[in-house]
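Read through the structure below, which is laid out as structure tokens, and then see the notes.
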Protein chains: 2
Amino acid sequence: MVVTIRDVARATGVSISTVSRALANPEQVAEATRVHVQETARTMGYRPNRAARGLVTGRTGSIGLVVPDLENPFFGSICKGVQARARAAGYAVFIADTDEDPLLEDEVVRGLTKQVDGVILCSPRGSDEAVGRVAEDSSLVLVNRTLAGVPSITFDNGGGARAVMRHLVALGHRTIAYAAGPITSWSNRERDTALRDFAEQSNDVELIELGSFPPVFSGGTQAADLALASGATAIVAFNDLVAAGLVDRLRHRGITVPTDISVTGFDNVPMSTLVWPNLTTVDFPRIQMGRASVDALLDTVLGRRKEPRPNLEIPVELVVRQSTGVLPASRAASA
Amino acid sequence: MVVTIRDVARATGVSISTVSRALANPEQVAEATRVHVQETARTMGYRPNRAARGLVTGRTGSIGLVVPDLENPFFGSICKGVQARARAAGYAVFIADTDEDPLLEDEVVRGLTKQVDGVILCSPRGSDEAVGRVAEDSSLVLVNRTLAGVPSITFDNGGGARAVMRHLVALGHRTIAYAAGPITSWSNRERDTALRDFAEQSNDVELIELGSFPPVFSGGTQAADLALASGATAIVAFNDLVAAGLVDRLRHRGITVPTDISVTGFDNVPMSTLVWPNLTTVDFPRIQMGRASVDALLDTVLGRRKEPRPNLEIPVELVVRQSTGVLPASRAASA
DNA sequence: CTGAAAGCGCTTACAG
DNA sequence: CTGAAAGCGCTTACAG
């Protein structure tokens with residue numbers, strides 16, 4: 001039922017070697033033969049068996065993509081970018097969801113490594129040691145984190161955090177709270193450090209660290225009361241979900257955003273324009289990151305690049321919407 | 001660098017046949033040999049090359065998953081379910097995003113079919129003919145749509161629609177509007193039919209069809225003004241995004257949900273609890289659907305089931321939240 | 001420019 | 001219970 005190279009050879013009257021060449025290295029075959037073979041292959045619906053090809057070439061034509069949670073739209077977008085670019089390059093994509101479990105991640109990557117030419121790993125949780133070990137026996141590109149000696153792509157978290165601070169300061173805010181994400185999160189550390197450095201370098205801005213919260217809606221609910229008690233006039237949330245939780249809890253406490261207090265997020269997930277007020281946030285071009293990670297992987301897999309390219313940082317952009325406003329006059333004195 | 005069955009055979013002092021058996025069919029090998037081989041294989045970090053195995057067995061150990069849009073959380077959840085169940089069954093998952101393009105879908109499925117044992121196809125857009133043709137030369141399971149002779153899994157859209165109607169009628173509503181989704185959408189047709197049938201069978205309920213809208217936030221924005229003009233006291237939206245757009249536009253028009261008018265969605269996406277008021281909606285257990293689709297595929301691929309199982313319908317559940325309320329007294333007369 | 005042959009890493013009748 | 005051999009569908013030196 002399924003047509004093989006042998007069927008095409010028989011139908012064309014040439015050897016399987018010639019069929020193989022006509023399809024994979026057309027320039028090695030006489031024009032007449034080439035055309036005939038290609039034509040026949042197409043009408044017969046022949047598609048080379050990739051597994052068989054991979055066995056001899058050592059290339060599978062597939063890449064692996066490992067993400068912590070497919071349900072999270074952040075990773076969904078990355079998948080989309082990876083998928084699109086991989087297809088354009090003729091690669092198929094294996095996907096694996098690690099459920100935020102570092103052990104599962106390790107197991108999954110190892111299971112995948114034989115079946116693919118390289119792996120794109122979105123691993124916010126795994127330890128440096130675990131990731132480093134994996135990098136030894138497979139071509140790896142890290143997304144959203146760095147590790148010495150391993151190519152990676154990250155967003156410019158620091159730049160985003162500074163843009164947020166500049167924006168809030170321009171609106172008159174001087175006492176700013178940060179509702180941090182998981183301490184194990186690389187993104188969180190980058191943002192936190194940039195926020196703190198910014199505050200230290202401007203002598204009249206105070207940064208209040210509210211603590212670490214789950215990176216979800218209820219994390220924001222928790223953080224809201226602490227933020228109010230802290231006396232901050234603006235709250236920087238670890239991400240949009242936390243920001244949404246903050247806004248919701250503040251409303252229940254009778255506080256209006258942005259009239260009474262300003263709130264910002266990170267990520268610019270679609271939801272950020274669905275809550276009211278629309279969230280001021282930092283846009284992370286996730287599809288672009290997905291595409292870039294495929295390029296980086298193919299660079300190393302195909303040996304297209306001689307000098308190692310340790311990390312590529314993707315610029316991000318502040319998106320100002322309705323959740324930030326000028327410092328309320330009544331609070332100006334407290335600053 | 002990579003360890004093959006030959007390396008294990010050499011290290012163990014047996015033939016590669018025995019190594020193969022000890023690993024794949026342990027009961028065919030003497031206990032002592034089996035233990036020794038298994039032990040050695042493990043310490044050497046041997047993993048059978050799936051491509052090579054597939055070449056001889058005719059089974060790839062992989063399945064394909066084709067979705068219209070990975071960025072859409074609805075499909076992200078399905079992916080997650082598919083992924084989890086596939087891994088549990090020892091299968092790897094190829095993923096493909098068709099960008100809502102029926103032509104690309106066809107091409108992608110054909111490209112995949114050689115590399116996998118079967119395909120799970122989430123294809124709300126492709127024509128019956130196109131899908132039928134694909135079904136001929138690959139093991140297929142359809143998600144969220146049916147087609148004669150092809151196994152499929154769907155949600156009980158009709159049951160969900162009826163539950164919504166019963167709920168609204170119990171709250172006193174008699175004039176109910178439907179903001180429909182794309183007319184090409186199978187889910188939309190199912191919901192629409194059930195809503196209409198329900199209205200026809202109860203002699204005092206009127207269903208007003210507002211027309212077809214894009215299944216996104218702005219679709220709801222469009223529908224809101226039509227709904228208001230229609231005189232309906234409750235609006236059933238095609239999905240949660242449309243419902244969110246409706247609520248938002250109604251607020252801008254000075255209408256309060258649910259005091260003045262009730263709104264419901266479908267899907268129960270995470271966002272439905274982030275908008276205010278939280279949406280009354282119909283929960284679709286998407287992860288469960290992902291898992292069920294893998295089971296259905298393996299049933300046919302592995303021939304585990306003799307009689308064909310044409311369609312499995314997954315029950316759904318009404319989730320009552322804050323966007324629906326009793327019919328306002330001022331409007332009771334108009335019903 | 002083309003074909004015969006070897007071989008990629010495995011599984012599985014077939015003998016013993 | 002175990003091994004030698006054939007073969008899955010391809011690619012690629014090696015001859016010609």
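Throughout, protein chains are lettered first and strands after them, A, B, ... in sequence-line order, and every chain is numbered starting at 1. Here the structure is a predicted model, which means the values were calculated and not measured.
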Quiz item: If you measure from the Lys or Arg side-chain nitrogens to the Asp or Glu carboxylate oxygens, is any gap between D295(B) and R291(B) under 4.0 Å?
Solution: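 No, D295(B) and R291(B) are not salt-bridged.
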Quiz item: Is any side-chain N of the basic residue among R133(A) and E105(A) closer than 4.0 Å to the acidic one's carboxylate O?
Solution: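 No, no charged N to carboxylate O under 4.0 Å.
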[atom1] of [X] versus [atom2] of [N]: gap in Å, rounded?
X       : N       : atom1 : atom2 : answer
L55(A)  : dT11(D) : CG    : C1'   : 10 Å
E27(A)  : dT2(C)  : CD    : C1'   : 15 Å
I5(A)   : dC10(D) : CD1   : P     : 6 Å
L23(A)  : dC10(D) : CG    : P     : 10 Å
I16(A)  : dC1(C)  : CD1   : P     : 20 Å
Q28(B)  : dC14(C) : CD    : C1'   : 13 Å
D117(A) : dC8(C)  : CG    : P     : 18 Å
R50(A)  : dC10(D) : CZ    : P     : 13 Å

Quiz item: Between V56(B) and V14(B), which is nearer to the 5' end of DNA chain D once each is assigned its nearest nucleotide?
Solution: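 Nearest nucleotide further toward 5': that of V14(B).
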Quiz item: dC1(D) pairs with which nucleotide, Watson-Crick or G-U wobble, both distances below 3.5 Å?
Solution: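 Matched dC1(D) with dG16(C) under the 3.5 Å cut-off.
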Quiz item: If the C1' atom of dG16(C) is compared with that of dT12(C), how far apart are they to the nearest Å?
Solution: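 The answer is 16 Å between these two C1' atoms.
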Check this one for me: any side-chain N or O of [X] less than 4.0 Å away from OP1 or OP2 of [N]?
X      : N       : value
T18(A) : dG3(C)  : yes
S20(B) : dT11(C) : yes
T33(B) : dT2(D)  : yes

Quiz prompt | Pair listing, salt bridge (Lys or Arg N to Asp or Glu O under 4.0 Å) test, anchored in residues 62-78 of chain B, at least two apart | solution =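 Checked against salt bridge (Lys or Arg N to Asp or Glu O under 4.0 Å) - neighbours excluded - the pairs reaching residues 62-78 of chain B are K80(A)-D69(B).
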Quiz item: Just checking, any donor-acceptor pair under 3.5 angstrom between side chains of N311(B) and T154(B)?
Solution: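 Note: N311(B) and T154(B) side chains meet the donor-acceptor criterion.
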Select one nucleotide: of [options], the one nearest the side-chain heavy atoms of [X].
X      : options                   : value
T4(A)  : dG9(C), dT2(D), dG9(D)    : dG9(D)
R53(A) : dT11(D), dT11(C), dT2(D)  : dT11(D)
A30(B) : dG3(C), dT12(C), dT2(D)   : dT2(D)
R21(A) : dC10(D), dC10(C), dC14(D) : dC14(D)

Self-check item: F155(A) side chain reached by S187(A) side chain, heavy atoms, under 4.5 Å
Solution: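 No; the side chains remain at least 4.5 Å from each other.
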Practice problem: Scan S17(A) against the nucleic acid and name what it touches under 4.0 Å (heavy atoms): base, sugar-phosphate only, or nothing. | Solution: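 Base, at least one base heavy atom under 4.0 Å.
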